[in-house]
Amino acid sequence: MKLSAACVVAVDVGSVRTGSFAWAAVDMPGHTLTAHGDDPAGAAGALSAALTDGASAVLALEAPMSVPVPGDWKLLGKGRTGEGNRAWSASAGAGALATGLAQGAWLLAEVARALPGLAATTQVPRWRGAADGGAPLLLVEAFVSGEGKPVPTALGPHAADAEAAARAVAARLAGEDGTDGTDMTCAPQRAFSLLAAQARWAGLAVAGDELALDVLVVRARPAG
């Protein structure tokens, strides 16, 4: 797969009714902002258009998309490695998780409806092998908060977050941000991949083992 034929669509998960939802699309490896919007249909359309044109695509949801399921019940709700004091189970994370589940499922169902039989994956090596029969759609989690928050643009803070997430994911996948791998992991606990579960519910072809595999989490870092 050539990275020049890849599109990253990042979604700032939030209330559609109150205008807190936004998305942005960035190409690879140029990182040019190619499209943006504030409606889920636009995000689904951008993904479907890229995949229809033969490009590989990435959907990055800014919400907790994998959770640790420990063997010891006393550890239930414990944060993932790398989260620090922003555990997925805290109020902000839990709210984003619930909203992201519904919005991600809807987006993926729309993509599956537009492209029957489409294969998706949460594992980067399987995505990079798309030209050899792998999955052309990669699903990842983005994290934009704290020092990684961008300066809001004229399009608003939610669109700025979506663009920052898209650029961070594109840089990570292209190996340009000096970081190897994921910023957060469920390990040593067993992972429950909400991304894989959403994709399977939506009708996309996803390998069964991915339900229990960690997903790629990319944290946006301060510019400069």
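FYI, side chains are in, hydrogens and waters are out, and symmetry mates aren't considered; it's all heavy atoms of this structure. We count residues from 1, following the sequence as given.
For residues 100-111, the side chain to side chain donor-acceptor pair (under 3.5 Å) pairs, not counting sequence neighbours, are E110-R113. The side chain to side chain donor-acceptor pair (under 3.5 Å) analysis of residues 191-205, with sequence neighbours excluded, yields no pairs.
When every heavy atom of S89 is checked against every heavy atom of G77, the shortest pair comes out as OG-O, 2.5 Å. What you find for L194 and P64 is that their closest heavy atoms are CD1-O, 3.8 Å. Across H31 and V26, no two heavy atoms sit closer than the pair CA-CG1, 3.2 Å. When all heavy atoms are compared, the tightest approach of C186 to V67 is SG-C, 3.4 Å. Minimum heavy-atom separation, L61 to G104: CD1-CA, 3.8 Å. Heavy-atom minimum distance, E210 versus A196: O-CB, 3.6 Å.
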| request: Using the side chain to side chain contact (heavy atoms under 4.5 Å, CB included) rule, take E83 and W88 through it: C-alpha gap first, then chi angles, then the decisive distance, then the call. | output: CA-CA 8 Å; E83 281 185 319; W88 66 271; 3.3 Å; yes
| said: Run the side chain to side chain contact (heavy atoms under 4.5 Å, CB included) test on L33 and R167 for me, step by step, so that the C-alpha distance in whole Å, both residues' side-chain angles and the decisive distance to 0.1 Å come before the verdict. | reply: CA-CA 9 Å; L33 179 67; R167 292 187 182 282; 3.8 Å; yes
| task | Please step through side chain to side chain contact (heavy atoms under 4.5 Å, CB included) for the pair L137 and T121, ending with a clear verdict. | result | CA-CA 6 Å; L137 175 59; T121 183; over 6 Å; no
| request: Using the side chain to side chain contact (heavy atoms under 4.5 Å, CB included) rule, take Q189 and L75 through it: C-alpha gap first, then chi angles, then the decisive distance, then the call. | output: CA-CA 9 Å; Q189 312 303 336; L75 298 177; 3.7 Å; yes
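R126 places no side-chain N or O within 3.5 Å of a backbone atom of A135 that could act as its donor or acceptor partner. Here the side chain of T182 pairs a donor or acceptor atom with the backbone of V217 at under 3.5 angstrom. Between the side chain of W23 and the backbone N or O of A162, no donor-acceptor pair lies under 3.5 Å. Remark: the backbone N or O of K74 is paired with a side-chain donor or acceptor of D72 at under 3.5 angstrom.
The other residues sharing a hydrophobic cluster with W73 are L76, where clustering joins ILVMFWY side chains under 4.5 Å apart.
The line from OG1 of T185 to CG of D214 is 3.5 Å long, rounded to the nearest 0.5 Å. Within the model, atoms CG of L138 and CG of L195 stand 9.0 Å from one another, a figure rounded to the nearest 0.5 Å. From F192, atom CZ reaches atom CE of M65 across 10.5 Å, with rounding to the nearest 0.5 Å. Atom OG1 of T122 sits about 12.0 Å away from atom CG of L59, to the nearest 0.5 Å. Atoms CZ and CG, from F21 and D39 in turn, are 7.5 Å apart once rounded to the nearest 0.5 Å. Here the straight-line distance linking atom CG of L51 with atom OG of S56 works out to 7.5 Å at 0.5 Å rounding.
When the options R219, R80, R172 are evaluated for a salt bridge (Lys or Arg N to Asp or Glu O under 4.0 Å) with E141, the one that passes is R80.
Between L173 and W127 the shortest side-chain heavy-atom distance falls below 4.5 Å. Looking at heavy atoms from C-beta onward, T52 lies in side-chain contact with L115 at the 4.5 angstrom threshold. The side-chain heavy atoms of F143 and M184, taken from C-beta on, include a pair separated by under 4.5 Å. For the pair T99/S15, no side-chain contact is recorded, criterion being any heavy-atom separation below 4.5 Å from C-beta on.
Placement of V206 and V124 in two distinct hydrophobic clusters is found when ILVMFWY residues are connected by side-chain heavy-atom separations under 4.5 Å, directly or transitively. Note on L213 and L204: separate hydrophobic clusters, where clusters join Ile, Leu, Val, Met, Phe, Trp and Tyr whose side-chain heavy atoms are under 4.5 Å apart, directly or indirectly. Under the 4.5 Å side-chain heavy-atom criterion for ILVMFWY residues, a single connected hydrophobic cluster contains both L108 and L101. No path of Ile, Leu, Val, Met, Phe, Trp and Tyr side chains, each step under 4.5 Å between heavy atoms, connects L139 with L216, placing them in separate hydrophobic clusters. When the side chains of ILVMFWY residues are joined at heavy-atom separations under 4.5 Å, either directly or via intervening members, V111 and V11 end up in a single hydrophobic cluster.
Between T34 and D27, the side chains place no donor N or O within less than 3.5 Å of an acceptor N or O (distance only, hydrogens not considered).
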